[in-house]
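Just so you know, these numbers use all the heavy atoms, side chains as well, and skip hydrogens, waters and symmetry mates. Counting from 1, the numbers follow the sequence of the chain as shown.
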Amino acid sequence: MAAGHLRREGGTIGLLYASLGAIVGSGWLFGPLHAAQQAGPLSLGSWAVGATAILLLALVYAELGPMIPRSGSVVHISHLGNGPLLGRIWSWILFFSYVSIAPVEVTAVLTYANNYLPGFLAGEAGVLSDRGFVVAILLLGVFVFLNFLVIRWVLLLNSAATWWKLIIPAATICVLLSFSWHPENLQLHHSQGGLEGMFTAVASAGIIFSFFGFRQAIDLAGESRNPGRSIPIAVIGSVLIGTMLYEGLQFAFLMAVNPADLAHGGWSHLAFAGLTGPFAALAAAVGAAWWGVILYVDALVSPAGTAFIYTTSSARITMAVGEMGSAPRGLARINDSGVPWIALLTVYAVGALFFFPFPSWQKLVGYISSVTVLSYSLGPIVLLQLRRAMPDAVRPFRLRGAEILAPAAFVVANWIIFWAGLDTLSFTFSALIILMVVFLVYHYVLAKERRAQSLGWRYAWWVLPYFAGLWICSYLGPQNLGGRGLLPFFWDMAVLAAFSLVILLVALRTTVADQVMRDYVESLNAVPEAAP
């Protein structure tokens with residue numbers, strides 16, 4: 001049982017900056033280069049595709065979030081329509097997708113810092129050295145420590161950092177465009193990946209990873225003074241502002257590159273010496289080395305701010321996982337300051353594991369993007385389930401055209417998973433299979449007293465063909481995504497879209513009873529979670 005309550009001290013601006021501060025992190029420092037390498041000038045389209053995809057999902061959760069105004073509400077949403085087994089599976093997916101992001105941002109901080117404080121990285125691969133590992137552990141600990149402040153101060157600190165994080169990228173656009181203007185770079189013959197590269201860059205270049213920050217407002221719903229008003233504004237507003245910023249950065253990056261650097265091999269061979277970071281290197285190349293110094297400072301602030309606010313939301317997700325019984329219930333304990341302290345310590349312990357040598361930043365965010373989009377693919381299903389079960393419920397934000405937009409969001413989510421490639425999908429599903437086996441052994445063998453509890457197999461069985469179908473489509477897909485090349489890229493997307501709609505219909509037909517869903521939503525809204 002919790003010792004205290006969360007505090008409803010978050011206003012609209014605080015939640016908007018929470019989402020926006022999470023969107024503007026290491027993605028803007030690395031994403032434009034990786035997107036340009038994969039798609040050339042079409043990388044502008046990559047950001048537009050990514051923004052459209054994430055906006056579809058954001059609109060879905062803008063309706064769902066205020067209906068369940070509890071911190072970590074995405075975990076509660078996953079338990080709504082398809083029974084406890086599916087809820088547990090999605091709780092694990094959500095936990096790992098959240099807890100892994102702060103370590104990625106800390107790694108980005110040390111990657112840039114290594115340029116003037118050498119010794120954080122080992123060799124040219126960019127993995128942490130022994131010293132870097134120790135410093136990363138300590139830095140993550142600082143973010144955890146700061147999160148022991150009451151939520152009001154957490155949001156104030158984040159809002160202050162977000163102002164800086166918005167001003168510096170916006171100023172970078174102006175500096176690059178004023179010092180370097182090469183419209184010839186937009187000629188498509190420089191692009192190596194074509195339309196396929198434009199789409200695959202969405203998942204593997206850090207584009208979708210960058211936009212995931214929209215969910216912060218939803219995760220803090222239980223600490224909002226007016227969730228019905230604040231959540232939709234924060235969720236939708238953060239995506240729109242982030243889109244304008246990232247499109248501007250990508251355009252400035254494309255225009256600032258010296259055409260001579262593209263003469264041999266085009267965009268796919270564009271690289272900068274060492275690990276200086278693309279924007280700092282560009283600033284120096286165009287004669288604005290003084291701005292490169294500012295960018296090095298921002299390379300500490302932007303990822304650090306994102307790591308800080310993701311630590312906040314990760315603790316709320318972990319707390320909700322404990323509340324739902326998908327992990328030890330002690331994780332839901334809250335201290336007198338309204339802080340889920342055991343969840344915070346768990347986030348620190350598990351997050352530290354991600355500092356062990358991993359592949360590059362780009363490869364790691366591909367894994368995270370895949371598992372996170374998979375976790376959010378359930379939202380469109382739940383929205384349609386609730387529309388049927390609770391047609392007259394009060395909805396502070398009602399998504400118009402949900403009958404079309406929700407299925408579209410589900411299809412697009414599955415496309416993003418497909419664009420991440422077969423290796424990423426195999427890694428994600430292998431981890432889920434291991435977790436599932438461990439849980440079933442625990443439930444049916446070790447926890448004998450729980451054998452009588454129904455897991456709800458008849459409501460969740462469709463997940464097996466769903467995951468299998470995603471993997472098969474990727475396996476048969478183009479070779480540049482790791483597949484066998486039996487299905488061309490766009491034909492594979494068409495097959496996956498049709499398959500997604502079939503799975504959506506099956507999921508809607510295998511839900512728990514409408515009354516069970518209504519009772520569950522009412523119970524979540526009836527139990528006081530936060531103190532006014």
Measure the [atom1]-[atom2] distance between [X] and [Y] for me, rounded to the nearest 0.5 Å.
X	Y	atom1	atom2	value
F253	L44	CZ	CG	11.5 Å
L496	I472	CG	CD1	11.5 Å
L55	L240	CG	CG	6.0 Å

Item checked: All side chain to side chain contact (heavy atoms under 4.5 Å, CB included) counterparts of V512, not counting sequence neighbours -> Y459, V516, M517
Next item on the list: Could I get the full list of side chain to side chain contact (heavy atoms under 4.5 Å, CB included) partners for Q515, not counting sequence neighbours?
Entry: R518, D519
Note to self: Using the ring pair (Phe, Tyr, Trp, His ring centres under 6.0 Å) criterion, which residues pair with F410? Sequence neighbours excluded.
What the structure shows: Y466
Ignoring hydrogens and angles, write down the donor-acceptor pairs under 3.5 Å from the side chains of residues 502-510, residues two or more places apart or on other chains.
residue, atom, partner, partner atom, Å
T510, OG1, V506, O, 3.0
T510, OG1, A507, O, 3.4

Notebook entry, point to check: Of all residues at least two apart in sequence or in a different chain, which pass the side-chain hydrogen bond (donor to acceptor under 3.5 Å, both in side chains) check with S313?
Noted result: Q216
Check: Mind checking what makes side-chain hydrogen bond (donor to acceptor under 3.5 Å, both in side chains) contact with W471, not counting sequence neighbours?
Finding: S426
Next item on the list: Sequence neighbours left out, what pairs pass ring pair (Phe, Tyr, Trp, His ring centres under 6.0 Å) with at least one residue falling in residues 368-391?
Entry: Y61-Y376, F214-Y376
Next item on the list: Name all residues meeting the salt bridge (charged side-chain N to carboxylate O under 4.0 Å, His left out) criterion together with R458; count only those two or more places apart in sequence or in a different chain, and write none if there are none.
Entry: none
Checklist line | salt bridge (charged side-chain N to carboxylate O under 4.0 Å, His left out) involving R388 - partner list, sequence neighbours excluded | finding: D514
Taking distance alone, no hydrogens or angles, what donor-acceptor pairs closer than 3.5 Å link side-chain atoms of residues 484-494 to residues at least two apart or in another chain?
residue, atom, partner, partner atom, Å
R484, NE, Y475, OH, 3.1
D492, OD2, G477, N, 3.4

Note to self: Show me the pairs that pass side-chain hydrogen bond (donor to acceptor under 3.5 Å, both in side chains) and involve residues 42-55, at least two apart or across chains.
What the structure shows: S43-Q250, W47-Q250
Notebook entry, point to check: Pairs in or reaching into residues 47-63: which pass salt bridge (Lys or Arg N to Asp or Glu O under 4.0 Å), with residues at least two apart or in two chains?
Noted result: E63-R387, E63-R395
Next item on the list: Taking atom types as modelled, find out whether E323 and H76 have a side-chain donor-acceptor pair closer than 3.5 angstrom.
Entry: yes
Check: Does one side chain, of N147 or T312, offer a donor that lies under 3.5 Å from an acceptor on the other?
Finding: yes
Margin query: Less than 4.5 Å apart, side chain to side chain, heavy atoms only: is that true for I77 and W90?
Written below: no
Next item on the list: Give a yes or no answer on whether the side chain of S474 reaches the backbone of L470 with a donor-acceptor pair at less than 3.5 Å.
Entry: no
Check: With a 6.0 Å cut-off on ring centres, are F211 and Y246 close enough?
Finding: yes
Item checked: Aromatic Y98 / basic R215 pairing, under 6.0 angstrom, 45° off normal -> yes
Checklist line | Qualifying residue, where the test is side chain to side chain contact (heavy atoms under 4.5 Å, CB included) with P278 and the options are L29, L270, L33 | finding: L33
